[in-house]
Protein chains: 2
Amino acid sequence: MSIDRRSGCPINLSLEVFGDRWSLIILRDMIFGGKRHFRDLLNRSLERIASNILADRLKRLMELGMLTRADDPTHKQKAIYSLTEMAITLVPILAHLGAWGRVWLPVSEELSIRAELLEKGGPPMWEKFMDELRHEHLGTPSDTPPDATVRATLQAGYEAVVARKAPGAGCDVGA
Amino acid sequence: MSIDRRSGCPINLSLEVFGDRWSLIILRDMIFGGKRHFRDLLNRSLERIASNILADRLKRLMELGMLTRADDPTHKQKAIYSLTEMAITLVPILAHLGAWGRVWLPVSEELSIRAELLEKGGPPMWEKFMDELRHEHLGTPSDTPPDATVRATLQAGYEAVVARKAPGAGCDVGA
DNA sequence: CAAACCAATTGCATTTTGCAATCGGTTGTA
DNA sequence: TACAACCGATTGCAAAATGCAATTGGTTTG
């Protein structure tokens, strides 16, 4: 484990694991965006992380027990990254980060609707979401239909905001 | 405001404010340790932050609206830093960071008892603590006696663990 | 009165970050 | 079938950030 351990304080140790600019962004994209491949995380993410930083952080998060990596059976070149239980239990922290950011920072409406819905849903919603992530990443059993998952709820909220704010609403400007 | 704004996502924006190794450590020491002077934060903190980093982060947190700075009326050279409401509302995030760290990382018992008590106390305890911080840093009225504050509770828990684990307990080795 | 303290700043070496290009192989599309 | 796009990285290099230790001139303490 490549952490300093400057002190045994739990907050300090948590920050030694993910207290950098990029680790929680990667985990956010995996948790909320369902991203699991390198190129998704590199090119289909809004903050434009650098490829060497992405590679470094993925490796580090694996070494620290937050992620695992396997060959993707559907594509010879692709690696698929999975969250461990250690990472999945970060959902409440990410929910709180989102809620705090909504209050104090210049968020965009499209990108903050998920945080709003998570805050409204509270801990029961977060628990349900973590169970879904366990199913998806760890193979645990799940009885939630795919269109009733928390991620589907969050995505529907996002799409509703996007549709409401679409330019030229009411004009047919082509697909 | 010197943030990138790489995206309008609230999690990203929160991390642009305090997603570095040191900002939340400084805020932790102010919130939980009652530290408000440069030397306290520099020399009486376990993680040994470098002085140029401390100066830089304090300046940045002030610019971002998390802290204010005033001359300390009790000492001509001392500056006293105060938390703003923006910073005070980080208490739940810090509580969750502590709880997560206790589960997954090699914490020390002395330094994690505060996190344990906060987790047990839950949101009502956090709200009470934030009110106390408002009183201490923003001058709002408070009706909590000094020995019944959340910080006093946390400190008593810490001291109980330290006394229980003291070497040579039962020997009088001098003051 | 001397030592310790105050909030920083500074010099410098090391490490990290960010940008862009690159690699050889694999897959998808016209 | 040819070729472009894709795959998970790695690499080169410049800029930025970090960390260590020393320093500053004034203030407070023992």
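The structure presented is a predicted model; accordingly, all values stated were derived computationally and were not measured. In what follows, every chain begins at residue 1, and chains take the letters A, B, ... in the order their sequences are listed. Just so it is clear, the values below take in all heavy atoms, side chains as well, and ignore hydrogens, waters and symmetry mates.
- Atom P of nucleotide D:dC7 and atom CZ of A:Arg36 are separated by 16 Å, given to the nearest angstrom.
- Between the side chains of B:Arg57 and B:Asn52, no donor-acceptor pair of N or O atoms lies under 3.5 Å.
- Among the heavy atoms of the strands, none lies under 4.0 Å from B:Asp20.
- Here B:Arg60 lies out of heavy-atom contact (under 4.0 Å) with every strand.
- Going from atom CG of B:Leu41 over to atom P of C:dA7 covers 9 Å, rounded to whole Å.
- In this structure, the nucleotide among D:dG19, C:dC6, C:dC19 sitting nearest to the side chain of B:Arg6 is C:dC19.
- The cluster map of Ile, Leu, Val, Met, Phe, Trp and Tyr, joined by side-chain heavy atoms under 4.5 Å apart, puts B:Ile80 and B:Phe38 in different clusters.
- Between the side chain of A:Glu16 and the backbone N or O of A:Arg5, at least one donor-acceptor pair lies under 3.5 Å.
- Checked against D:dA9, C:dC6, D:dA17, the side chain of B:Arg57 finds its nearest nucleotide in D:dA17.
- Atom P of nucleotide C:dC23 and atom CG of A:Asn52 are separated by 17 Å, given to the nearest angstrom.
- Comparing A:Arg48 and A:His75 against DNA chain C, the residue whose closest nucleotide sits nearer the 5' end is A:Arg48.
- Atom P of nucleotide D:dA9 and atom CD1 of A:Ile49 are separated by 13 Å, given to the nearest angstrom.
- Comparing C:dG25, D:dG19, D:dT10 by their closest approach to the side chain of B:Ala50 singles out D:dG19.
- Contact of A:Gln77 with D:dG8 (side chain to base): no donor-acceptor pair of N or O atoms is detected under 3.5 Å.
- Rounding to the nearest 0.5 angstrom, the gap separating the CG atom in B:Leu133 from the CD atom in B:Glu85 is 9.5 Å.
- Each of A:Thr74 and A:Asp56 was matched to the nucleotide of DNA chain C holding its nearest heavy atom; the match closer to the 5' end belongs to A:Asp56.
- Side-chain N/O atoms of B:Ser51 and base N/O atoms of C:dA7 include no donor-acceptor pair closer than 3.5 Å.
- Distance B:Glu16 CD to C:dG18 P: 11 Å, rounded to the nearest Å.
- B:Trp104 and A:Thr89 form a side-chain donor-acceptor contact under 3.5 Å, judged by distance and modelled atom types alone.
- Closest to the A:Ala79 side chain, of the nucleotides C:dA8, D:dG8, C:dC5, is D:dG8.
- Under the 6.0 Å distance and 45° angle rule, B:Arg151 does not count as a cation-pi partner of B:Phe129.
- Regarding A:Arg44, its CZ atom lies at a distance of 9 Å from the P atom of D:dG8, rounded to whole Å.
- Both A:Ile80 and B:Lys76 lie near DNA chain D, and the one whose nearest nucleotide falls closer to the 5' end is A:Ile80.
- Rounded to an integer number of Å, the gap from B:Lys59 NZ to C:dA8 C1' is 12 Å.
- Checking C:dA7, D:dG19, D:dC7 against the side-chain heavy atoms of B:Trp22 singles out D:dG19 as nearest.
- In this structure, B:Asp72 atom CG and C:dC5 atom P are separated by 17 Å, rounded to whole Å.
- When the nucleotides C:dA7, D:dA22, D:dT10 are ranked by their closest atom to the side chain of B:Arg69, C:dA7 comes out on top.
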